[in-house]
Amino acid sequence: MATSLSSKLNKAVKQQYMDLPQGEKVQAMYIWIDGSGEGLRCKTKTLDSEPKTIEDLPEWNFDGSSTYQSEGSNSDMYLIPAAMFRDPFRKDPNKLVLCEVLKYNRKPAETNLRHMCKKIMSMVDTQHPWFGMEQEYTLLGVDGHPFGWPSNGFPGPQGPYYCGVGADKAYGRDVVEAHYRACLYAGVQICGTNAEVMPAQWEFQVGPCEGINMGDHLWIARFILHRVCEDFGVVASFDPKPITGNWNGAGCHTNFSTKEMREDGGLKIIEDSIERLSRRHMYHIRAYDPKGGLDNARRLTGHHETSNIDEFSAGVANRGASIRIPRAVGQDKKGYFEDRRPSANCDPYIVTEALVRTCLLLEEGEEPTEHK
């Protein structure tokens, strides 16, 4: 299997330099979402002292013509620090800084979906919306071939790989363990991980996070995964259907609740929310992948533990439904529900925003409402 050349460089030599003292200076890695809506970019700034809050971080800029975000004749874009994490690669006191992107006129870039999400979340903060997102991904070689798969053929059929253990069942656990620990160090609200149904496919879960924090923590977790994979010389793919045929796709199942849903009798609120979601299915489908539903059309076929993209469905403990109510929630009559439609490459800001718009702001119709 093809791994990157940079992964074969002598890491012991690199470590000699990483062990050097850095004085009072701090390295802050600024991270942003590029014009594809899926890719992440980063660059590093030296600070004179360790920032304690997001307000301590200066604005910065970058060349948007090289990130699909502007034309070369007017290419400067602004980086606005939005969330700060510990840096698990350079370690303390260095930081990872997730940024919003503004255009030359200080308006949000087209793929800056955080800006609107934050406004919508501020409208419902008294309801304490909690989210948990289950991020599936596939490990690939740099040649695009799934990690650990035979060079000329396929592994055995699905069945033994989900939550599997053993060299013939779990492909790439070193990456998973390194990512998990790096997220914990960074302060990401990662709450679990497991091997998935297709070999070389894995999942990590982030949450519960309230409001805008969900998108912040998932994007940083994705960045950390890409950066860990870089060290191992492999690629993390969030493609919703990386391998055609009789193989599971990759989603980002989203669990959602409010304070009222989590309290006694909350099942009624959950059922009311599902009824509202049923009347706005295509709005959510368009929001749930970066290509307005085209990516998810390859995955949401009604097979391989998915619902059909054209039909809304819901059920208790049903993994073939659009919305699943966990069995324990049905028994306890309170808790949360799981929206199984978001794709692995979804933007968590617009997914969580869409759920709030429909379930809490009671929006209807095929377009988001413009709130004053």
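All of these numbers come straight from a predicted model, not from anything done at the bench.
- Within a 6.0 Å sphere centred on NZ of Lys107, other residues, nucleotides and ligands contribute 12 heavy atoms or fewer.
- In this structure, Arg227 pairs ionically with Asp231, as a charged nitrogen and a carboxylate oxygen lie closer than 4.0 Å.
- In this structure, the separation between NZ on Lys25 and OG1 on Thr46 is 7.5 Å, given to the nearest 0.5 Å.
- Of the N and O atoms on the side chains of Asp63 and Ser65, at least one donor lies less than 3.5 Å from an acceptor on the other residue.
- Nearest approach of Ser257 to Gly335, heavy atoms of both residues: CB-O, 3.3 Å.
- Ser70 and Lys103 share no donor-acceptor pair across their side chains, judged by distance under 3.5 Å alone.
- A donor-acceptor pair shorter than 3.5 Å cannot be found between the side chains of Gln205 and Asn255.
- Shortest non-hydrogen contact noted between Phe256 and Cys359 is CE2-CB, 3.9 Å.
- Salt-bridge annotation for Lys95 and Glu50: present, with a side-chain N of the basic residue lying under 4.0 Å from a carboxylate O of the acidic one.
- When all heavy atoms are compared, the tightest approach of Ser307 to Arg341 is OG-CG, 4.3 Å.
- A donor-acceptor pair shorter than 3.5 Å can be found between the side chains of Gln69 and Thr67.
- With a 6.0 Å radius and a threshold of 12 heavy atoms from other residues, nucleotides or ligands, Arg279 has its CZ atom above the threshold.
- The aromatic ring centroids of Tyr171 and Phe147 lie 6.0 Å or more from each other.
- Paired with Asn246 under the rule side-chain hydrogen bond (donor to acceptor under 3.5 Å, both in side chains), one option of Gln158, His303, His304 passes, and it is His304.
- Using modelled atom types, one finds no donor on one side chain facing an acceptor on the other under 3.5 Å when comparing Asn248 with Glu136.
- By the neighbour-count criterion of 12 heavy atoms within 6.0 Å, atom NZ of Lys259 is sparsely surrounded, having that number or fewer from other residues, nucleotides or ligands.
- Side chains of Glu210 and Trp130: a donor-acceptor N/O pair is present below 3.5 angstrom, by distance only.
- Ile120 contributes atom CD1, which lies 12.0 Å from atom CG of Asp125 (distance to the nearest 0.5 angstrom).
- Annotation: Glu24, atom CD; neighbour count of heavy atoms from other residues, nucleotides and ligands within 6.0 Å does not exceed 12.
- Between Arg280 and Glu367, no side-chain nitrogen of the basic residue sits less than 4.0 Å from a carboxylate oxygen of the acidic one, so the salt-bridge criterion is not met.
- A donor-acceptor contact closer than 3.5 angstrom is absent between the side chains of Glu260 and Thr258.
- Taking 4.0 Å as the cut-off between side-chain N and carboxylate O, Asp295 and Lys291 count as a salt-bridged pair.
- No side-chain donor from either of Asp239 and Tyr137 sits under 3.5 Å from a side-chain acceptor of the other.
- One side chain, Arg90 or Thr44, offers a donor N or O that lies under 3.5 Å from an acceptor on the other.
- A cation-pi arrangement, defined by a distance under 6.0 Å to the six-membered ring centre and an angle within 45 degrees of its axis, is absent between Lys241 and Trp247.
- Taking every heavy atom of both residues into account, Gly293 and Ile309 meet most closely at O-CD1, 3.7 Å.
- The six-membered or imidazole ring of Phe204 lies away from that of Tyr180, with a centre-to-centre distance of 6.0 Å or more.
- More than 12 heavy atoms of other shown residues, nucleotides or ligands fall within 6.0 angstrom of atom CG in Leu20.
- One finds no salt bridge joining Arg114 and Asp347 here, because no Lys/Arg side-chain nitrogen approaches an Asp/Glu carboxylate oxygen to under 4.0 Å.
- Side-chain atoms of His371 and Glu363 form a donor-acceptor pair, as typed in the model, at a separation below 3.5 Å.
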